[in-house]
Amino acid sequence: MSDKYDVIVIGAGPGGYVAAIKAAQLGLKTACVESWTSEDGKSQVLGGTCLNVGCIPSKALLEVTHKYEETSHDYESMGILAKSVDIDVAKMMERKAGIVKQLTGGIAGLFKANGVTSIHGHGKLLNGRKVEVTDKDGKTKTYEAENVILASGSKPVEIPPAPFDGEHIVDSEGALEFTEVPKRLGVIGAGVIGLELGSVWARLGSEVTILEAQDNFLPVVDQQIAKDALKQFKKQGLNIITGARMTGAEVKRKLVNVSYEDSKGKQEAKFDKLIVAVGRRPYTDGLLAEDSGVKLDERGFIFVDDQCKTEAPGVWAVGDIVRGPMLAHKASEEGVMVAERIAGHKPQVNYDCIPNVIYTSPEVAWVGKTEEQLKAEGEDYNVGSFPFAANGRAMAANATGGMVKIIADAKTDRILGFHVVGPQASEIVAQGVIAMEFGSTAEDLALTCFAHPTLSESVHEAALAVAGGAIHVANRRKKK
C-alpha cells in the first residue's frame, strides 16, 4: 500500500468521516486517521464524539425517558391506564450501546464501500502536508498527502472549582453512563447539553437542579422562545437557577457539596452526582507540529477562512476546531465543502442557515437571527407567531406547549429568523432552513398549502401572522 494520498483526514467524527467519504466519491485517493480505540483496546472506533458519547447516545436516552414519562404521567388523560410502570436502567443503557455500535460499524462499512483507507492511530500534522501517525503501541509512521483535512473535534471543558473524578463529578460523557438514577442531581450549565442531560434523569425521578452563571436563560435563543421554554421546563420540575456562579465542589461521604453565589448571596447544595456541562473546547492536543504552518486563535481554535482553508497550503480544518457553532451537521457540511473544493468545485456553506436544536421536551429549535439581534443592529422587522395550543394536531397529540415564530424584514418581507419551541421543533425548523436557503419571504410561506391536520400548519399561520392575517388566532393590532 502506497503511503501517499490525495487527501488525508485526521479525525473520523461527523466532519472527518463525511469529508473522507465525499473525497473518495469524487475520485480522490483518501485515508482517514482516527485514534479512538474500543474498550478492549483491540479495534478502532469511528464516529467521533457525536456517535459514541454525544448526539446519538444522548438522543437514545432522551427518547426512552420521554416515552417513560409519557406513560407514567400523560397517558391517563388520553384514556390509557398504565399502572406500575418501571424503568430498567441497565436495559436502557444496553439499547443505547447497541445503537451506537450499529452506527459506528456502519461508518466502517461506508469507508469500505467508498474505498477510504482507515488508519488507526493518533495523527499529527507535520510540515509539508505530512502526517505522522502513532499507533497504540507507540510506533510511528509518516504519510504524505496533497491535501490534509483536520477534523479532530472537541472535548468537554473542565472548570477548576469542580474537577472531574469520573464517579461523583462527571462531564457529559460520564452522565451517559450512570448505572442508577441519582436521587439528587446537580448540573452546572443550562445550555444545550445541561438541559438535555438534566431532562433525561429528571424524567426518571431525579431531583434536578441546574446552575447557570448567565443572568438570562438561553441568551443565544430568541428571548420570547427562551422564556416560554423556561416556563415549561420549570413545570416539569427542573430547578433552573440563573445568575448562579459556582465557587467550589467537594466530595464528602459520597455526596458532592457544591457552593455557589447568586443574587441572594452565598449558597450551598448537596448532590449525589454532579454533571459539569459548561461547554466544549477544540481538541488540538498533539495535533500540530510547531512548523506545521497552522495557526490557532486566542481561544484555541484553528484559524481558517470562509472556505475552511488554514494558512498552511493544502491544509484545511472543519468542525469543532474552527469558528462557528459546535454542531455535527455544521461539521459535516464543512467536510463536504472542503472535499468538493479540493476536487475543483466551488461550493460554499451558508453559515446564516445552520439550524440549532435543543432536544428537550418541548424541543427548542431556531435558524437565523433573534429579535434581540435585530434590535441591536437597528433593523426594521415584522413578527408573526402562532401557538401550538391553537393547533388541532398538537391537541390530538397532547402536546400544546410552545409556538412557531417567524421574523421577516419590514421592507422586503425576506425571512430573517425562524424559531420554534414545542413538539417536533427539530423537524419543523427544517422548513425555515429551506425557506431561508431559497431566500423566501414570509408571504411565500403564507401562500403555501400545508396539509391538515399537521403541526406544520403552525408555520403557515405564523407566516400569515407576519402581515396580520392569521386565521386561527387573533392577530396583533397594527400600529397606527
Side-chain angles (χ1 to χ4, degrees), residues 1-35 46 48 110-111 114-135 140-154 282-297 299-324 330-351:
M1 180 182 70
S2 172
D3 296 336
K4 294 184 178 180
Y5 292 88
D6 296 319
V7 178
I8 293 179
V9 182
I10 300 179
Y17 85 75
V18 169
I21 290 172
K22 176 54 69 174
Q25 289 175 345
L26 293 168
L28 301 168
K29 184 181 178 183
T30 306
C32 185
V33 182
E34 175 56 61
S35 61
L46 304 174
L110 290 170
F111 273 10
N114 287 281
V116 176
T117 300
S118 187
I119 301 173
H120 191 187
H122 179 86
K124 182 177 184 178
L125 177 68
L126 308 179
N127 182 262
R129 299 187 299 280
K130 291 183 174 63
V131 176
E132 179 186 85
V133 178
T134 304
D135 66 19
T140 63
K141 185 173 181 178
T142 301
Y143 300 84
E144 296 181 35
E146 292 297 317
N147 290 273
V148 177
I149 304 175
L150 306 173
S152 53
S154 61
Y283 182 63
T284 56
D285 301 359
L287 177 66
L288 306 169
E290 289 186 6
D291 61 351
S292 67
V294 174
K295 295 183 179 179
L296 303 179
D297 68 16
R299 296 181 300 157
F301 290 90
I302 291 176
F303 180 78
V304 293
D305 64 11
D306 290 342
Q307 290 77 44
C308 292
K309 286 182 180 179
T310 72
E311 295 187 343
V315 180
W316 314 69
V318 303
D320 288 3
I321 56 173
V322 303
R323 77 287 178 270
K330 174 256 194 184
S332 294
E333 290 303 310
E334 288 178 333
V336 169
M337 174 181 70
V338 168
E340 291 186 340
R341 283 191 166 268
I342 290 172
H345 305 301
K346 302 295 181 182
Q348 177 64 52
V349 172
N350 183 354
Y351 288 99

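Every heavy atom of this structure was used, including side-chain atoms; hydrogens, water molecules and symmetry mates were not. A quick note: this is a predicted structure, and the numbers were derived from the prediction, not measured.
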Nearest heavy atoms of A20 and C32, plus distance in Å
CB-CB, 4.1 Å
With sequence neighbours excluded, what pairs up with E334 under the salt bridge (Lys or Arg N to Asp or Glu O under 4.0 Å) test?
R323, K330
Candidate list L288, V9, I8, V318, test side-chain contact (heavy atoms from CB on, under 4.5 Å), partner L150, passing option:
L288
State, yes or no, whether a side-chain contact exists between S35 and H120 at a heavy-atom distance under 4.5 Å.
no
Rounded to the nearest 0.5 Å, how far apart are CG of L110 and OH of Y17?
7.5 Å
Determine yes or no for a side-chain-to-main-chain donor-acceptor pair under 3.5 angstrom, with T310 supplying the side chain and V315 the backbone.
yes
Flag, side chain of E34 to backbone of A12, donor-acceptor distance under 3.5 Å
yes
To the nearest 0.5 Å, what is the distance between OH on Y283 and OG on S154?
11.5 Å
Here the pair of heavy atoms bringing T30 nearest to A23 is OG1-CB, 3.5 Å
For the CD1 atom of I302 and the OG atom of S152, what is their distance to the nearest 0.5 Å?
6.0 Å
Identify the two heavy atoms, one from A24 and one from V116, that lie closest to each other, and give their separation to 0.1 Å.
CB-CG2, 3.7 Å
Rounded to the nearest 0.5 Å, how far apart are CD of E340 and CD of Q25?
9.5 Å
Residues two or more places apart in sequence or in another chain: which of them pass salt bridge (Lys or Arg N to Asp or Glu O under 4.0 Å) with K295?
E311
Any donor-acceptor N/O pair, D305 side chain to Q307 backbone, under 3.5 Å
yes
Within the side chain of R129, is there an N or O that forms a donor-acceptor pair under 3.5 Å with the backbone of E146?
yes
Between I149 and I342, is there a side-chain heavy-atom distance shorter than 4.5 Å?
yes
Heavy-atom closest pair (A19 atom, A339 atom, distance to 0.1 Å) is O-CB, 3.7 Å
Heavy atoms only: give me the nearest D6-G27 pair and the separation to one decimal.
OD2-O, 4.4 Å
Main-chain N/O of D291 paired to N127 side chain as donor or acceptor, under 3.5 Å
yes
When you look at M337 and K22, which way does the side-chain contact (heavy atoms from CB on, under 4.5 Å) test go after all the steps?
CA-CA 9 Å; M337 174 181 70; K22 176 54 69 174; over 6 Å; no
W316 versus N147: any side-chain heavy-atom pair under 4.5 Å?
yes
Can any side-chain N or O of S292 pair as donor or acceptor with the backbone N or O of L125 at less than 3.5 Å?
no
Nearest heavy atoms of V133 and G121, plus distance in Å:
CG1-CA, 3.7 Å
Set out, in order, the CA-CA distance, both residues' side-chain angles and the distance that settles side-chain contact (heavy atoms from CB on, under 4.5 Å) for F301 and V322, then state yes or no.
CA-CA 5 Å; F301 290 90; V322 303; 5.6 Å; no
Is there a donor-acceptor pair closer than 3.5 Å between any side-chain N or O of K29 and the backbone N or O of K4?
yes
Enclosure of E290 CD (heavy-atom neighbours >12, cutoff 6.0 Å)
no
Those residues that, when tested against E144, pass salt bridge (Lys or Arg N to Asp or Glu O under 4.0 Å) (two or more places apart)
none
Would a 4.5 Å heavy-atom cut-off, applied to side chains only, mark I10 and V131 as touching?
yes
Side-chain (H122) to main-chain (G286) donor-acceptor, under 3.5 angstrom:
yes
Quick check for you: to the nearest 0.5 Å, what is the distance between T117 atom OG1 and F111 atom CZ?
10.0 Å
Report the distance from atom CG of L26 to atom CD1 of I21, rounding to the nearest 0.5 Å.
12.0 Å
